[in-house]
Amino acid sequence: MPPQKIETGHQDTVHDVAMDYYGKRIASASSDTTIKIAGVSNNTHQHLATLSAHQGPVWQVAWAHPKFGSLLASCSYDGRVIIWKEGNQNEWSQAHVFEDHKSSVNSIAWAPHELGLCLACGSSDGNISVFTARADGGWDTSRIDQAHPVGVTSVSWAPSTAPGALVGSGLLDPVQKLCSGGCDNTVKVWKLYNGIWKMDCFPALQMHTDWVRDVAWAPNLGLPKSTIASASQDGKVIIWTVAKEGDQWEGKVLHDFNTPVWRVSWSLTGNILAVADGNNNVTLWKEAVDGEWQQLVCFPSTMCLVGLLHFL
């Protein structure tokens with residue numbers, strides 16, 4: 001697919017872009033406090049809508065799975081998380097506004113659709129909130145208080161398929177786990193036990209020497225190993241793996257980019273990792289048979305464009 005330059009129409013820095021499930025629309029988040037939605041096809045793009053309600057920079061946007069309708073979540077420096085719903089084509093309204101956090105909400109992530117309509121949010125107040133839609137249209141809230149006391153920078157859900165499900169026997173209940181990164185330089189794994197979120201890695205995963213800017217849990221397609229990538233202000237990307245439930249996570253440096261690393265994003269098959277770094281490059285990496293990670297390609301970009309690689 002040839003590269004396509006998309007004029008978003010934003011008046012300030014673009015912090016995030018997210019492509020919808022079908023690869024037909026792109027949502028972008030900006031410091032100009034707005035979200036822009038553009039339609040893309042072949043080599044053309046078209047502005048479809050501008051969503052305005054936040055009162056500060058919008059850090060991230062995330063499309064819900066289409067089985068729940070046309071929904072988009074956004075989070076902002078203003079401390080709010082907004083769920084946007086499309087009624088008539090390209091006509092969006094605020095379906096719900098969450099104001100649980102007392103500081104900037106830096107990251108949002110929808111759970112795998114098998115778990116229902118469920119959104120995790122990480123905030124500078126140190127807390128992670130998880131909002132789950134009920135059948136009556138309301139929302140239930142669970143929290144991980146002081147997940148990273150000096151601030152949560154990123155959240156990412158585990159695949160809903162339990163590790164090893166494809167090579168084991170019998171059906172397993174969906175897994176409800178997520179990972180987070182924070183300003184305390186650590187990555188943490190959380191699991192829902194009887195409605196309560198508890199830390200599922202001891203100790204916290206500590207190899208970074210500066211803020212963890214992003215975390216991404218790889219799709220595992222039911223294979224035994226679980227994998228998380230973390231990107232840090234220290235310039236390194238670390239690949240964390242655990243062979244089976246209850247084992248210790250092990251970390252391995254993918255590469256030292258010698259510049260802050262902003263975003264990491266896995267392909268749908270979980271075997272290619274996209275990395276966006278402070279030199280405005282996006283690189284693609286793949287694990288070789290011997291376990292070493294090899295760079296496949298590098299092209300100049302901006303940190304937000306790694307969001308486009310979710311559909312690889």
Side-chain angles (χ1 to χ4, degrees), residues 60 62 64-65 67-68 71 73 75 81 83 96 98 100-101 105-123 125-149 151-166 168 170-182 184 186-205 212 214-230 240-249 266 270:
Q60 278 192 2
H65 191 278
K67 71 179 285 187
F68 303 110
L71 296 175
C75 65
V81 174
I83 309 295
H96 203 88
F98 298 106
D100 296 51
H101 291 283
V105 180
N106 304 314
S107 180
I108 49 176
W110 290 106
H113 66 87
E114 296 90 348
L115 302 180
L117 188 61
C118 184
L119 185 72
C121 312
S123 170
D125 63 14
N127 303 327
I128 295 171
S129 55
V130 180
F131 304 113
T132 304
R134 299 193 305 263
D136 64 4
W139 294 78
D140 292 325
T141 303
S142 58
R143 295 169 62 89
I144 306 172
D145 288 322
Q146 296 302 286
H148 298 268
V152 182
T153 57
S154 52
V155 289
S156 178
W157 287 86
S160 63
T161 305
L166 293 189
L171 296 175
L172 298 174
D173 291 332
V175 174
Q176 295 192 59
K177 281 188 180 183
L178 55 83
C179 63
S180 60
D184 57 3
T186 71
V187 174
K188 295 181 179 179
V189 178
W190 309 91
K191 185 175 182 179
L192 190 64
Y193 290 92
N194 298 320
I196 299 173
W197 288 96
K198 295 183 179 180
M199 200 161 132
D200 198 50
C201 61
F202 298 97
L205 309 186
V212 176
D214 197 23
V215 290
W217 201 311
N220 66 13
L221 303 180
L223 299 176
K225 185 171 69 172
S226 291
T227 304
I228 295 170
S230 59
W240 306 91
T241 57
V242 65
K244 65 179 186 295
E245 185 83 11
D247 283 1
Q248 293 287 327
W249 288 82
W266 292 98

Shortest non-hydrogen separation from [X] to [Y] and the atoms involved:
X    : Y    : answer
H148 : S180 : NE2-OG, 2.7 Å
V152 : G122 : CG1-CA, 3.7 Å
A73  : I83  : CB-CD1, 3.8 Å
P219 : P159 : CA-CG, 3.8 Å
S160 : E114 : OG-OE1, 3.0 Å
W266 : A229 : CZ2-CB, 3.7 Å

Point-to-point distance, once rounded to the nearest 0.5 Å, from [atom1] of [X] to [atom2] of [Y]:
X    : Y    : atom1 : atom2 : result
C201 : I228 : SG    : CD1   : 7.5 Å
C75  : H101 : SG    : NE2   : 9.5 Å
C121 : Q60  : SG    : CD    : 10.0 Å
S123 : N106 : OG    : CG    : 6.0 Å
I108 : F131 : CD1   : CZ    : 11.0 Å

My understanding is that only residues two or more places apart in sequence, or in another chain, count here; which of them pass ring pair (Phe, Tyr, Trp, His ring centres under 6.0 Å) with W197?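 So W197 forms a ring pair (Phe, Tyr, Trp, His ring centres under 6.0 Å) with W157.
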May I ask you to test the [X]-[Y] pair for a side-chain heavy-atom distance under 4.5 Å?
X    : Y    : value
D200 : E245 : yes
Q248 : P203 : yes
K225 : N220 : no
F98  : W139 : yes
L117 : L71  : yes
D100 : N127 : no
W110 : L119 : yes
V189 : V242 : no

Sub-3.5 Å donor-acceptor pair from the side chain of [X] to the main-chain atoms of [Y], do we have one?
X    : Y    : answer
T153 : G181 : yes
T132 : D140 : no
Q146 : D125 : yes
K188 : A147 : yes
S156 : C179 : no

Passing candidate, ring pair (Phe, Tyr, Trp, His ring centres under 6.0 Å) with W249, options W217, F202, W240: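 Exactly one candidate clears the test, W217.
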Which is it for M199 and W190 under the side-chain contact (heavy atoms from CB on, under 4.5 Å) test, yes or no, and what are the steps along the way? CA-CA 4 Å; M199 200 161 132; W190 309 91; 3.8 Å; yes
Is the number of heavy atoms from other residues, nucleotides or ligands within 6.0 Å of CG (N194) greater than 12? no
